[in-house]
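Since the structure comes first, as C-alpha cells, the remarks are kept for the end.
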Amino acid sequence: MKKYILAIDQGTTSSRAIIFDKNEKIVGIAQKEFTQYFPQSGWVEHDPQEIWESQLAVTRQVIEENEIDAEEIEAIGITNQRETTVVWNKYTGKAIYNAIVWQDKRTAPICEELKKQKMEPYIRKNTGLVADSYFSGTKITWILDWVAVNRPDIKPQDLCFGTIDTWLIWNLTAGKVHATDFSNASRTMIFNINTLEWDKKMMKALSIPQNILPEVRSSSGNFGVTDGKWFGAEIPIRGVAGDQQAALFGQKCFEKGMAKNTYGTGCFMLMNTGETPIYSKSGLLTTIAWAKNGKLTYALEGSVFNAGAAIQWLRDGLKIIETAQDSEYFARKVPDSDGVVVVPAFSGLGAPYWDMYARGGIFGITRRTNKYHIIRATLDSLAYQTRDILEAMENDAETALSTLRVDGGATANSLLMQFQSDILGKTVERAQNKECTALGAAYLAGLFTGFWKKEDLESVSAFHTFQPALDTETRTQKYKRWKKAVEKCKDWEND
Ligand code: ADP
C-alpha cells in the first residue's frame with residue numbers, strides 16, 4: 001500500500017519535489033525556479049509566499065504526473081537551503097518581510113558589534129559557528145528592528161521565526177506545527193550545540209525573544225501531517241535536515257570519520273565526527289549533522305568559496321569554454337597543466353587560510369602555455385582546495401580518511417574526479433544517484449517510519465570509484481607548488 005517516500009528539496013534557486021520508491025529509485029521529479037531579489041548591493045531576498053507556492057505546486061505536480069495517490073506515500077522528508085530567515089505573523093500566517101537569504105551581507109555591522117563585545121569565543125564554543133552574517137541570528141535581529149520601526153502595530157509575541165524547513169512545515173500543517181530540526185537549528189548562531197537548547201546569552205545579545213523560536217525536534221522524527229487540503233490525504237512529515245547535512249546522510253556517511261564533498265558553485269565538505277562536537281584549529285565550523293533515535297551526530301564543515309564558480313569564470317569571464325562540460329574536453333587535450341597553477345581566490349581565501357585580502361593568480365606561465373593548460377589548471381584548483389580542507393579536517397578530527405564520497409554538478413567531470421583522487425592519494429567515490437540531498441531527507445523520513453532499515457541502505461552501494469594513479473613524489477611536488485602559489489596570492493589587496 002505505502003510505496004513511496006516524497007522528498008521536498010527547497011533550494012536557493014528552485015523548489016523541487018522528488019518521489020523515491022523502496023529501491024531508492026527516482027520515480028519522478030518536478031522543479032520550479034523562483035525569483036531572486038537584490039534590493040541593494042550585498043542584499044539577497046526571496047518572497048516566502050513564492051517559495052511556499054512553488055513548493056506546493058511542484059509537490060502536487062510530481063504526485064499527479066506520476067499518477068500516484070497521496071495515500072501511497074509513506075512519509076515526506078524535507079531538506080532546505082540553510083540559514084535563510086523568515087519571520088511571519090502567527091495569526092495571519094503571512095510573512096512580514098521577505099526571507100533574508102544566507103548570501104545576504106546586510107547584517108555584517110551587527111556581527112562587527114558582536115566581535116567588539118568579545119563574543120566570538122563564546123559563539124565558537126557554544127554555537128560551533130563564527131560571528132558572520134551568513135547565519136540566521138543577525139538576520140532575525142534585522143527583521144525585528146525593521147518591524148519595530150515600520151510596523152509598530154505588530155507585537156513581537158505575535159511573530160514566528162523559522163528557517164525554510166520551519167516555514168514549509170508551518171504551511172504544510174496549516175499552522176499546526178512550529179518546529180525545526182537540530183541540523184537547521186545549529187545554523188542559526190542562537191542554538192547551543194552542547195546544551196541542545198536555544199542559547200539565552202545569544203538571544204539577549206541579539207535581542208531575540210524566546211517565544212518566536214520553533215521547537216527543535218529530531219531530524220528523523222515526527223513533524224506532524226500535511227493538511228488534507230493540500231494533497232487529498234494527510235501525509236506524515238517524518239524527516240528534516242539542512243541541505244548539506246542531508247547530503248551527508250544521503251551519501252550514507254552514517255559512521256564517524258566518513259566524509260562527503262559536494263562540488264557546486266562552491267564546495268561543501270562535511271565529516272561525520274560522531275557523538276561529540278570537535279572544535280577546529282583551522283576555522284572550520286562545528287555543526288549538528290542530525291539527531292536520530294535520541295542520539296545526536298556532529299559534523300565538521302568546511303567550504304571552498306570558488307569551485308564551480310572558477311569554471312563559470314572560464315566560461316563567462318575568459319570565454320575560453322562555451323559550457324562547463326567543455327572544460328573536460330579541452331583539459332584532456334594536454335597531459336597536465338605543464339606547471340601552470342591557477343588560484344581562484346576571486347573574493348579572498350577561506351578555510352584554512354582565511355585571508356580576505358588575497359586575490360587570484362595564474363602562476364608558472366611559459367611561452368608554451370596555452371588555453372588548455374589554463375583550463376586544466378583551473379580544474380586542478382578544485383582538487384587542491386578540496387585537499388586543503390580535507391587535511392584541516394583530518395587534523396582536527398585526528399583521523400585519516402581512506403575514501404571521499406562526492407556529489408554535485410562538477411563531479412560529472414571524470415578528469416577532475418581522477419585528479420582529485422590523484423592529489424588526495426585516496427579513493428574517490430562518486431554517487432550514482434545524483435540526488436544525494438533529496439535522498440538524505442527521504443532516508444531520514446523512511447528510517448523513522450520503518451519503510452527502510454539501516455542495513456538495507458548500507459547494503460546498496462552504487463558508486464563510480466576513482467583510484468589514485470599518481471606516484472607519491474609527483475603528488476607531493478604538485479601540492480607543494482599549489483601551496484607556493486597560494487602564498488603568492490595572500491594579502492594582495494592590503495596596500
Ligand atoms: P549549485 O547547486 O551550486 O548551483 P550544481 O551542483 O548545479 O551547483 O553544479 C553547478 C556548478 O558545477 C557550476 O558552477 C558549473 O560551473 C560546475 N560544473 C557543472 N558541470 C561541470 C563539469 N562537467 N566540469 C566542471 N564543472 C562543472
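This chain uses plain numbering: 1 for the first residue, then up along the sequence. What you see is a predicted model; the values in this text were computed from it and never measured.
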Checklist entry - Taking the side chain from Gln251 and the backbone from Ala259, do they hold a donor-acceptor pair closer than 3.5 Å? => result no
Determine all donor-acceptor pairs shorter than 3.5 Å in which one atom belongs to a side chain in residues 315-323; sequence neighbours excluded.
from   : atom 1 : to     : atom 2 : distance (Å)
Lys319 : NZ     : Asp316 : O      : 3.1
Thr323 : OG1    : Asp326 : N      : 3.2
Thr323 : OG1    : Asp326 : OD1    : 3.1

Item to check | Distance-only donor-acceptor check, side chains Asp243 and Thr79, under 3.5 Å | outcome: no
Checklist entry - Of Lys260, Arg187, Glu301, Arg82, which meets side-chain hydrogen bond (donor to acceptor under 3.5 Å, both in side chains) against Gln244? => result Lys260
Item to check | Closest non-hydrogen atom pair between Thr369 and Gly364, with its separation | outcome: OG1-O, 4.3 Å
Item to check | Test item: side-chain donor near acceptor, Trp102 and Thr12, under 3.5 Å | outcome: yes
Checklist entry - Is the distance between the ring centroids of Phe34 and His46 less than 6.0 Å? => result yes
Item to check | Polar contact flag, side-chain donor to acceptor under 3.5 angstrom, Glu33-Ser14 | outcome: no
Checklist entry - Under the side-chain contact (heavy atoms from CB on, under 4.5 Å) test, which residues partner Glu275, sequence neighbours left out? => result Lys295
Next on the checklist: With no hydrogens and no angle check, just 3.5 Å: does a side-chain donor-acceptor pair link Asn126 and Asp199?
Outcome noted: no
Item to check | Side-chain donor/acceptor of Ser54 to backbone N/O of Ile51, under 3.5 Å | outcome: yes
Checklist entry - Does the cation-pi check pass for Lys25 over Phe20, that is, NZ or CZ under 6.0 Å from the six-membered ring centre and within 45° of its axis? => result no
Checklist entry - Pick from Lys32, Gln31, Gln81, Gln10: which one makes a side-chain hydrogen bond (donor to acceptor under 3.5 Å, both in side chains) with Ser15? => result Gln10
Checklist entry - Got more than 12 heavy atoms from elsewhere within 6.0 Å of CD, Gln432? => result yes
Checklist entry - Which pairs pass salt bridge (charged side-chain N to carboxylate O under 4.0 Å, His left out) with one or both residues in residues 384-394, sequence neighbours excluded? => result Arg387-Glu391, Asp388-Lys483, Glu394-Lys426
Checklist entry - Can you name the one residue among Ser186, Ser219, Ser220 that meets side-chain hydrogen bond (donor to acceptor under 3.5 Å, both in side chains) with Asp181? => result Ser219
Checklist outcome for this item: Contacts satisfying salt bridge (charged side-chain N to carboxylate O under 4.0 Å, His left out) that involve residues 358-383 (not counting sequence neighbours) are Asp338-Arg368
Next on the checklist: Heavy-atom count check: over 12 atoms from other residues, nucleotides or ligands less than 6.0 Å from Tyr357 OH?
Outcome noted: no
Item to check | Plane angle bin for Trp482 and Tyr384 - parallel if under 30°, tilted between 30 and 60°, otherwise perpendicular | outcome: parallel
Next on the checklist: Can you tell me if Trp492 has over 12 outside heavy atoms packed within less than 6.0 Å of its CH2?
Outcome noted: no
Checklist entry - According to the interplanar angle, ranging from 0 to 90°, do the rings of Tyr372 and Phe330 count as parallel (below 30°), tilted (30 to 60°) or perpendicular (above 60°)? => result parallel
Item to check | Any donor-acceptor N or O pair under 3.5 Å, side chains Thr138, Thr107 | outcome: yes
Next on the checklist: Tell me if the aromatic rings of Trp43 and Phe38 count as close, with their centers under 6.0 Å from one another.
Outcome noted: no
Checklist entry - Which residue pairs satisfy the salt bridge (charged side-chain N to carboxylate O under 4.0 Å, His left out) criterion with at least one member in residues 261-271, sequence neighbours excluded? => result none
Next on the checklist: Once salt bridge (charged side-chain N to carboxylate O under 4.0 Å, His left out) is applied, what residue pairs with a partner in residues 99-110 remain, sequence neighbours excluded?
Outcome noted: Glu45-Arg106, Asp104-Arg106
Next on the checklist: Tell me if the centroids of the rings in Trp290 and Phe182 come within less than 6.0 Å of each other.
Outcome noted: no
Checklist entry - Within the side chain of Asn272, is there an N or O that forms a donor-acceptor pair under 3.5 Å with the backbone of Phe254? => result yes
